[in-house]
> 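Below is a structure I'd like to ask you about.
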Amino acid sequence: MSVTILGIESSCDDTSAAVVRDGLLLSNVIASQSIHEEYGGVVPELASRAHQQNIVPVVDAALKRAGVDKHELSAIAFTRGPGLLGSLLVGTSFAKGLSLGLRCPMVDVNHLHGHVLSHFIRRKEDDRVPEYPFLTLLISGGNSQLILVRNYNDMEILGATIDDAAGEAFDKCAKVMGLPYPGGPHIDRLAAEGDSSKFRFAKPHIPGLDYSFSGLKTSFLYTLRDAVALDTDFIEKNKADLAASLQRTIIEILLDKLDKAVKATGVKTVAIGGGVSANSGVRAAVADYCSRRGIEAFIPERAFTTDNAAMVAMAGYFKYLDKQFCGYDEVPYARVTV
Ligand code: KG4
């Protein structure tokens with residue numbers, strides 16, 4: 001009998017639903033919330049309200065696009081954390097209600113596991129998936145982690161940021177340049193036209209496999225402050241070169257620790273995930289690093305880099321096979337590690 005999983009993601013500002021049948025993706029619907037743009041960041045209360053408006057039509061669209069009737073579902077997988085509590089509560093409550101109504105089990109998913117397992121999303125049987133063990137560089141707005149994945153249910157964090165995440169470095173520096181939120185994609189676009197060797201910013205010297213991005217942010221801020229004091233048009237004149245130099249520095253920081261982790265573990269496969277893995281420079285640098293070392297690289301489709309329910313349905317599918325169901329008394333959690 002086939003296994004059909006509905007995935008629900010509502011951890012931050014994207015409401016998403018997806019259907020996976022026997023490990024193959026049938027649909028993935030995402031409603032993004034533009035309301036936060038004018039505030040320069042996600043406003044939790046507005047995010048929860050938008051999730052409430054979006055969740056029914058988004059789930060409905062995911063089932064319709066998959067050609068699946070809700071009574072055919074084997075289980076409902078939902079993101080239980082980490083994320084914004086109000087946002088998570090919408091997805092969790094909806095999953096509980098639907099599960100009770102349909103009398104089908106629920107599976108709770110750790111959002112970070114979802115990102116790691118996004119490389120197992122397949123549209124057809126012969127789509128490539130990573131072989132265990134592999135290393136994941138998980139880089140998003142809230143996390144920068146190096147994770148050794150021994151199996152879908154056996155992951156170890158080898159290193160993590162001790163302050164800002166890579167996405168925060170992109171967003172906060174972009175904000176200083178007057179770019180809209182989130183700044184990462186704007187830096188990416190500008191960097192394509194800039195000279196990445198024009199500016200030099202400080203790089204951290206953190207022992208082991210941990211990351212740090214707050215020093216880079218301060219160095220970027222001071223460079224701009226001093227330059228703007230002499231020429232008020234400095235940012236406008238140099239924005240492409242600033243973006244390219246910033247992006248190059250972030251990539252160097254990321255790859256330095258990735259290289260150390262590859263050498264320490266001896267893995268033959270490297271994957272990247274999270275919002276920052278949409279960055280063109282990061283994708284090219286990781287692909288290049290892996291090809292030079294004869295390592296297999298898994299670079300996700302851009303649709304699966306940011307928050308999506310396809311990865312939640314996929315992680316839920318694995319847990320369903322292990323019969324790891326979730327009770328109705330479980331509540332969302334804001335913080336957790338892998
Ligand atoms: O995983 P994600 O969607 O969710 C959170 O962690 O909240 O990641 C969002 C982050 C933001 O910091 C955003 O600026 C960054 O991913 N991002 C990018 C790009 N696309 C999204 N950063 C650099 N280049 C991009 N193309």
> Would the distance check show the side chain of S144 and the main-chain N or O of A166 forming a donor-acceptor pair, the cut-off being under 3.5 Å?
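Yes, because the side chain of S144 sits within donor-acceptor range (under 3.5 Å) of the backbone of A166.
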
> Within the 3.5 Å criterion, strictly below it, is a donor on Y132 or T269 matched to an acceptor on the partner's side chain?
no

> Applying salt bridge (Lys or Arg N to Asp or Glu O under 4.0 Å), name anything that partners R150, two or more places apart in sequence or on another chain.
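Residues passing salt bridge (Lys or Arg N to Asp or Glu O under 4.0 Å) with R150: D154, E156.
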
> Applying ring pair (Phe, Tyr, Trp, His ring centres under 6.0 Å), name anything that partners F318, two or more places apart in sequence or on another chain.
F120, Y152

> Are side-chain heavy atoms of Q33 and L46 found at a separation under 4.5 Å?
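No; the side chains remain at least 4.5 Å from each other.
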
> Does R283 reach the main-chain N or O of P300 with its side chain, forming a donor-acceptor pair under 3.5 Å?
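Looks like yes, one N/O pair under 3.5 Å.
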
> Does the side chain of I253 come within less than 4.5 Å of L216's, by heavy atoms?
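Side chain of L216 against side chain of I253, heavy atoms only: contact under 4.5 Å found.
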
> Between V286 and V270, is a side-chain contact (heavy atoms from CB on, under 4.5 Å) present by the stated rule, with each step listed?
CA-CA 8 Å; V286 171; V270 162; 4.3 Å; yes

> Between I295 and K268, is the side-chain contact (heavy atoms from CB on, under 4.5 Å) condition met? List the steps.
CA-CA 5 Å; I295 289 173; K268 293 279 168 272; 5.5 Å; no

> Show me the pairs that pass salt bridge (Lys or Arg N to Asp or Glu O under 4.0 Å) and involve residues 80-96, at least two apart or across chains.
R80-D108, R80-E330

> Got a sec, which residues hit ring pair (Phe, Tyr, Trp, His ring centres under 6.0 Å) with F325, two or more places apart in sequence or on another chain?
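Y320.
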
> Can you check whether D127 reaches K124 side chain to side chain, under 4.5 Å on heavy atoms?
yes

> Using the ring-ring contact (aromatic ring centres under 6.0 Å, His included) rule, collect all pairs that involve residues 180-204, keeping only residues at least two apart or in two chains.
F199-F234, F201-F220

> Keeping to residues at least two apart or across chains, list the salt bridge (Lys or Arg N to Asp or Glu O under 4.0 Å) pairs with something in residues 10-30.
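The answer is R21-E72.
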
> Got T15 and V29 here, is their nearest side-chain heavy-atom distance under 4.5 Å?
no

> I'd like to check the side chain to side chain donor-acceptor pair (under 3.5 Å) partners of S214; sequence neighbours left out, ordered by chain and number.
D163

> Over 60° means perpendicular and under 30° means parallel, so classify the ring planes of H115 and H111, tilted if in between.
perpendicular

> Could you see if V20 belongs to whatever hydrophobic cluster contains L117? Use Ile, Leu, Val, Met, Phe, Trp, Tyr and a side-chain cutoff under 4.5 Å.
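Linked within one cluster.
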
> Taking only residues at least two apart or on different chains, which pairs with a member in residues 51-97 satisfy ring-ring contact (aromatic ring centres under 6.0 Å, His included)?
none

> So, using side chain to side chain donor-acceptor pair (under 3.5 Å) as the criterion, who are the partners of N28 when residues are at least two apart?
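Checked N28 against side chain to side chain donor-acceptor pair (under 3.5 Å); zero matches.
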
> Taking the side chain as every heavy atom from C-beta outward, state whether S48 and L84 have any atom pair closer than 4.5 Å.
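Contact flag for S48/L84 side chains = no.
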
> Who pairs with E38 by side chain to side chain donor-acceptor pair (under 3.5 Å), at least two apart in sequence or on another chain?
none

> If I compare all heavy atoms of T79 with all of E9, which pair ends up nearest, and what's the gap?
OG1-OE1, 2.6 Å

> Please answer: with hydrophobic residues joined when any side-chain heavy atoms are less than 4.5 Å apart, are L255 and L158 in the same cluster?
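The answer is yes; both residues are in one hydrophobic cluster.
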
> Could you name each residue pair satisfying salt bridge (Lys or Arg N to Asp or Glu O under 4.0 Å) that touches residues 211-229, not counting sequence neighbours?
D164-K217

> Is it the case that the side chain of S87 and the backbone of G83 share a donor-acceptor pair, with hydrogens and angles ignored and the cut-off at 3.5 Å?
no

> Can you tell me which residue pairs pass the salt bridge (Lys or Arg N to Asp or Glu O under 4.0 Å) test with a partner in residues 109-119, sequence neighbours excluded?
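Not a single pair qualifies under salt bridge (Lys or Arg N to Asp or Glu O under 4.0 Å).
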
> Hey, does V262 have a side-chain heavy atom less than 4.5 Å from the side chain of L135?
yes

